[in-house]
Amino acid sequence: MNIYKHERDGTPKRLDGRTVYTVQTPELTGGKYSSVLVTVYDPGAKAKPAHAHDDGEETIYVASGEGKAKVGEEVFRLETGSLLLFPQGVPHMCWNTGTVPLKLICFYAPQQSALDYTYYEDFDFTEEEAK
């Protein structure tokens with residue numbers, strides 16, 4: 001079992017405006033109950049399309065940068081040290097509103113199944129929420 005990982009060991013995947021590093025999954029570490037990804041958003045980037053986790057939940061920790069997150073109908077300010085839960089089945093998205101990369105540590109439970117997404121193409125910040 002390989003229980004120690006560093007984010008630089010993560011497998012990078014480039015998505016629109018962000019890079020996702022898969023750091024911990026059951027296959028990588030042998031853990032049974034969670035998965036961890038590091039996501040780095042470029043300045044101005046949003047996680048489009050928004051999504052929800054049908055079979056689990058996600059918690060994010062803001063390691064650096066600033067932005068906003070929309071969870072259902074609520075909008076939250078993200079700053080270094082923020083922690084936010086994305087409940088199971090609730091559409092959500094993040095947006096880097098700053099001028100430097102926004103780095104999030106993303107915890108999924110139960111493990112890999114929380115990585116199965118339902119996408120919401122029309123879910124976005126309103127003009128008022130963008131202020």
Side-chain angles (χ1 to χ4, degrees):
M1 185 176 335
N2 185 6
I3 61 173
Y4 175 82
K5 290 287 183 183
H6 189 280
E7 68 181 69
R8 71 177 158 257
D9 300 327
T11 305
K13 181 177 182 181
R14 186 71 186 162
L15 301 172
D16 189 28
R18 64 196 189 276
T19 303
V20 178
Y21 299 88
T22 301
V23 180
Q24 178 203 318
T25 65
E27 295 77 22
L28 293 173
T29 63
K32 296 179 184 178
Y33 304 108
S34 64
S35 296
V36 179
L37 279 65
V38 175
T39 304
V40 181
Y41 288 79
D42 299 338
K46 289 183 190 176
K48 290 291 280 177
H51 63 274
H53 305 280
D54 297 330
D55 299 318
E57 60 190 25
E58 176 183 5
T59 297
I60 62 166
Y61 175 79
V62 181
S64 62
E66 61 183 46
K68 293 184 179 187
K70 186 169 183 178
V71 184
E73 296 303 313
E74 295 185 74
V75 175
F76 300 90
R77 182 173 171 255
L78 300 176
E79 61 181 332
T80 300
S82 299
L83 190 75
L84 181 60
L85 172 68
F86 299 144
Q88 182 176 349
V90 178
H92 56 273
M93 66 185 304
C94 293
W95 176 17
N96 181 348
T97 59
T99 58
V100 299
L102 172 63
K103 182 178 183 179
L104 305 177
I105 313 301
C106 308
F107 303 89
Y108 299 87
Q111 37 98 358
Q112 191 73 12
S113 65
L115 300 178
D116 294 331
Y117 297 165
T118 296
Y119 293 99
Y120 295 83
E121 297 287 342
D122 296 331
F123 185 88
D124 203 345
F125 291 87
T126 64
E127 286 184 34
E128 185 64 30
E129 293 166 341
K131 292 180 186 176

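Everything quoted here is computed from the prediction, not taken from an experiment.
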Legend entry - Polar contact flag, side-chain donor to acceptor under 3.5 angstrom, T25-E27: yes

Inset, instruction - Grab the two heavy atoms, one from P87 and one from V71, that are nearest each other, plus how far apart they are. - result: CD-CG1, 3.9 Å

Legend entry - Main-chain N/O of A50 paired with H92 side-chain donor or acceptor, under 3.5 Å: no

Inset, instruction - With sequence neighbours excluded, tell me which residues meet ring-ring contact (aromatic ring centres under 6.0 Å, His included) with Y41. - result: none

Inset, instruction - Determine whether I60 and I105 fall in the same hydrophobic cluster, where Ile, Leu, Val, Met, Phe, Trp and Tyr are linked whenever their side-chain heavy atoms lie under 4.5 Å apart. - result: no

Legend entry - Pairs satisfying salt bridge (Lys or Arg N to Asp or Glu O under 4.0 Å), at least one member in residues 75-98, at least two apart: R77-E79

Legend entry - Derivation and outcome, side chain to side chain contact (heavy atoms under 4.5 Å, CB included), residues F123 and H51: CA-CA 8 Å; F123 185 88; H51 63 274; over 6 Å; no

Inset, instruction - Step by step, work out the side chain to side chain contact (heavy atoms under 4.5 Å, CB included) result for T11 and V20. - result: CA-CA 8 Å; T11 305; V20 178; over 6 Å; no

Inset, instruction - Sort out for me which residue in K48, K70, E129 forms a side chain to side chain contact (heavy atoms under 4.5 Å, CB included) with D124. - result: K48

Inset, instruction - Name the orientation class of the two ring planes belonging to H53 and Y108 (parallel below 30°, tilted from 30 to 60°, perpendicular beyond 60°). - result: perpendicular

Inset, instruction - State, without any angle test, whether T80 and E66 hold a side-chain donor-acceptor pair at a distance under 3.5 Å. - result: no

Legend entry - Results of ring-ring contact (aromatic ring centres under 6.0 Å, His included) for Y119 - residues two or more places apart only: Y117

